[in-house]
Each structure stands twice: as structure tokens, then as C-alpha cells.
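Every number for a ligand or one of its atoms is a count from 1 in the order of the listing.
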Amino acid sequence: MLSQVIELIETKRRFAITSHIRPDGDSLGSSLGLYWLLRALGKEVEVIMRDPVPHAYSKLPGAADVRITPAVDRDYDAVFVIECSDIERPGLKGLDKQFVVNIDHHSTTALFGTVNWIDSTASAVGEMIYNLCKAIGVRVTREIAECIYTALVTDTGSFHYSNTTERTFKIASELVRAGVKPAKVAENVFNSHPWSKLDLLTQVLSTLKRDPSGRVAWMRQTLEMKESAGAFEEDGDGFVNYPLSVGCVEAVAFLKECAPGVYRASLRSKGNVNVARVAERFGGGGHRNAAGCTLRGGWEEIERTIVQALIEAVEREAEDTPRRPLLIFDDQEALPEEVA
Ligand code: 5GP
Ligand code: MN
């Protein structure tokens with residue numbers, strides 16, 4: 001709960017923050033937002049990750065301070081674990097021996113922390129870090145604002161996804177007031193890629209297939225494609241969204257070979273089609289419209305299995321009605337002044 005998180009921050013001194021392997025915009029933006037928040041309170045804090053900061057997030061304030069380590073190798077009063085479904089997701093040895101604070105916006109998360117603060121109505125953990133700033137009385141500095149804005153803009157697909165709410169826009173508006181330049185963030189995150197990303201994309205798009213209805217689409221990235229494009233690990237990020245741009249497509253799988261016979265599946269859907277349930281069936285998880293899992297075996301079998309599961313999900317849509325978000329703002333109320 002938020003009140004427990006505040007009490008912990010107020011009474012303890014040495015903190016670490018971590019997030020999942022292969023960190024993305026929300027994991028890095030939220031981790032670094034919390035980092036600046038704790039520094040503003042005079043706390044000792046570091047962000048530790050198993051994997052390096054991808055190029056797209058290298059300009060985030062504090063990105064250069066992120067320490068890459070395979071284990072929790074120092075003493076902390078508490079370790080904040082940002083947007084992780086379980087204690088294994090950060091990939092850090094020794095994390096299970098720590099006092100862990102689990103901060104997440106996935107409803108499928110395990111309550112693995114000593115303290116668990118989960119808000120599945122938040123579009124990104126970034127929204128929760130913003131709320132924490134307000135609740136604990138830390139001024140939203142430009143650094144904090146840039147980090148949180150990056151979390152919001154990436155986890156909402158530039159405010160396109162259904163997790164985007166009135167609250168998301170109100171927070172984004174305040175972050176701009178606090179000094180964020182949306183065009184600069186967009187340039188850093190979306191328009192600073194190396195050529196290898198497009199070289200890889202042309203190969204991946206050539207594998208695009210669809211079912212007879214045209215509602216389910218899938219594509220594949222092999223180790224060979226990555227090699228021939230000279231691509232970085234993160235270059236495939238975002239590819240899964242291309243098939244979604246077709247009007248009748250309702251569910252997409254992007255299957256990326258990460259070791260021989262091992263495929264990371266990125267699943268996306270529109271509306272009420274629930275891909276989190278598909279991912280959970282294969283030991284993964286995520287949100288209704290964005291989820292992931294790992295599949296092992298021969299390509300033909302993996303393809304048949306995941307495509308069948310997506311077709312079933314599309315046919316079964318309309319089972320879940322989304323939850324309404326909590327509104328922290330009231331329309332009658334003036335926006336808080338202290339962000340300037
Ligand atoms: P992506 O396709 O971008 O890797 O992941 C999409 C969403 O699914 C993210 O919200 C992510 O947290 C979740 N996700 C991806 N892979 C896994 C997984 O292996 N396990 C769980 N629990 N969630 C995952
Ligand atoms: Mn997130």
C-alpha cells in the first residue's frame with residue numbers, strides 16, 4: 001500500500017531500485033523517477049539492473065548512474081522492485097534475501113514483496129511514482145518529470161492504448177509544466193535508432209502471416225536475421241505494433257528467437273481480446289492488450305500453438321470489462337501549483 005511505502009521511505013535510509021531484465025521505458029523511467037525522488041529526500045540510493053540501459057533511454061536523467069550487476073551485492077534497508085511479475089524477473093541473485101518493496105501496475109503480479117503496492121488502474125508505474133511524489137511532498141523537478149513522462153509515453157504507446165485515461169493526460173500535462181519537452185523525449189525514444197533496426201525490420205516484416213479471417217497476424221525474428229542485420233538486442237522492440245496498424249487485425253504475435261529453439265513471444269491485441277490470458281497459459285503474463293511469454297520447441301509447433309491460442313482469444317473476446325481508473329483529480333479542483 002502507498003501509506004506503507006511512504007512510512008518506509010521516511011524511516012529508512014539506504015535504498016536500491018531495480019526492475020525487470022531488458023528494461024523498457026516504464027521500468028527505467030519509473031526507476032529513475034523514484035531515484036530522483038529519494039535523492040530529493042536526502043536518501044542514499046542507487047538503481048541496479050542486470051541488463052544495460054538501451055540506447056533509446058540513454059538520455060534519461062540519471063541513466064549514466066544505473067549500475068549493471070548480476071547480484072544484489074551491497075547492503076540496503078530496502079530494495080524497490082519496479083513492474084515485475086515475480087522475484088525472478090529482475091534476474092538479480094540474492095534479491096530474495098532483501099527487504100523487497102513490490103511496485104507494479106500489473107494485476108497478474110505475485111505479491112512477492114514484504115510491502116506490495118499494486119495499482120492496476122495506472123497506465124504505467126510512472127503514474128504511481130507521480131502519485132508518490134505528491135503524497136510524500138517532493139517537488140516534481142525536471143529530472144523527475146522527464147523520467148515519469150518517458151514511462152507514460154512508452155507504456156501507453158504514445159497515449160494510443162486503452163490504458164490511457166484522463167488521469168494520464170492530467171499527469172502528462174503537469175509534467176510538461178515541470179519542464180518536459182515532449183518533442184525532445186519523442187526524438188530520443190522513437191527517432192534515434194541505428195540503421196540496424198530497420199535492416200532487421202525489413203527481414204521480420206517479410207515473415208508476416210495472417211489467418212484466413214485477417215484478424216490474427218504473426219511474424220518471426222530468427223537468430224540469423226539478427227546476425228545478418230548486425231542488430232542489437234533491443235532492435236526488435238516495437239516491431240509487434242506494425243501489424244496492429246491494419247484495421248481488421250485484433251491480435252498479433254511477434255516471435256523472437258533468443259536462443260536456438262527458444263522464442264520470446266510479444267503479444268498485442270485490440271479492445272476486449274485478452275492476450276494476458278494467452279501468455280499466462282504459457283507461463284508468462286502482462287496486460288489484456290500487451291503480454292509476453294517464452295515458448296520452446298520446433299518452429300512449426302510453436303507457430304501452430306500460438307496462432308491457435310490467438311484465434312481462440314479473438315473468438316472469445318468481450319469477456320472482461322476494463323476497470324475504471326481512480327481519479328486523483330477533481331474537475332472542480334485547480335491543478336496543484338507546486339510543480340512549477
Ligand atoms: P513485451 O511484449 O513488450 O516484452 O511485454 C509486454 C507486456 O507483457 C509487458 O507489460 C510485460 O511486463 C509483460 N510480459 C512480457 N513477458 C512476460 C513474462 O515472461 N512474464 C510476465 N509475467 N509478463 C511478461
Ligand atoms: Mn509498465
Using a distance-only test with no angle check, is there a side-chain donor-acceptor pair under 3.5 angstrom linking [X] and [Y]?
X: T121; Y: R167; value: yes
X: S30; Y: E83; value: no
X: R288; Y: N163; value: no
X: N289; Y: S162; value: yes

Residues E146, K184: salt bridge by 4.0 Å N-O rule: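 Judged by the 4.0 Å cut-off on N to carboxylate O distance, E146 and K184 do form a salt bridge.
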
Side chain or backbone of [X] under 4.0 Å from ligand 1, or both, or neither, by non-hydrogen atoms?
X: H20; value: neither
X: R89; value: side chain
X: S266; value: both

Which residue holds the protein heavy atom closest to [atom], what is that atom called, and what is the gap in Å?
atom: atom 19 (O) of ligand 1; value: R264 NH1, 3.3 Å
atom: atom 22 (N) of ligand 1; value: S85 OG, 3.1 Å
atom: atom 12 (O) of ligand 1; value: H106 NE2, 3.3 Å

W36 versus P61, closest heavy-atom pair with distance: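 For W36 and P61, the tightest heavy-atom pair comes out as NE1-O, 3.0 Å.
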
Judged on heavy-atom distance to atom 24 (C) of ligand 1, which of A253, S27, G285 sits nearest?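 Answer by nearest heavy atom: G285.
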
A291, G238, A279, S19: member with heavy atom nearest to atom 5 (O) of ligand 1: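 Answer by nearest heavy atom: A291.
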
Among the N, O or S atoms that E83 has, which is closest to the Mn ion (ligand 2)?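 For E83, the N, O or S atom at the smallest distance from the Mn ion (ligand 2) is OE1.
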
Taking the Mn ion (ligand 2) as the vertex, measure the angle between atom OD2 in D26 and atom OD2 in D155; round to 10°.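 The two atoms subtend 90° at the Mn ion (ligand 2).
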
Confirm or rule out an N/O/S atom of H105, from backbone or side chain, lying less than 2.8 Å from the Mn ion (ligand 2).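 It does: H105 brings an N, O or S atom closer than 2.8 Å to the Mn ion (ligand 2).
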
Determine whether E174 and I171 make a side-chain contact, defined as any pair of heavy atoms from C-beta on separated by less than 4.5 Å.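 No, their side chains stay 4.5 Å or more apart.
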
Counting only N and O atoms by type, is there a donor-acceptor contact under 3.5 Å from the side chain of K197 to the main-chain atoms of D235?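 Pair found, side chain donor or acceptor close to backbone of D235.
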
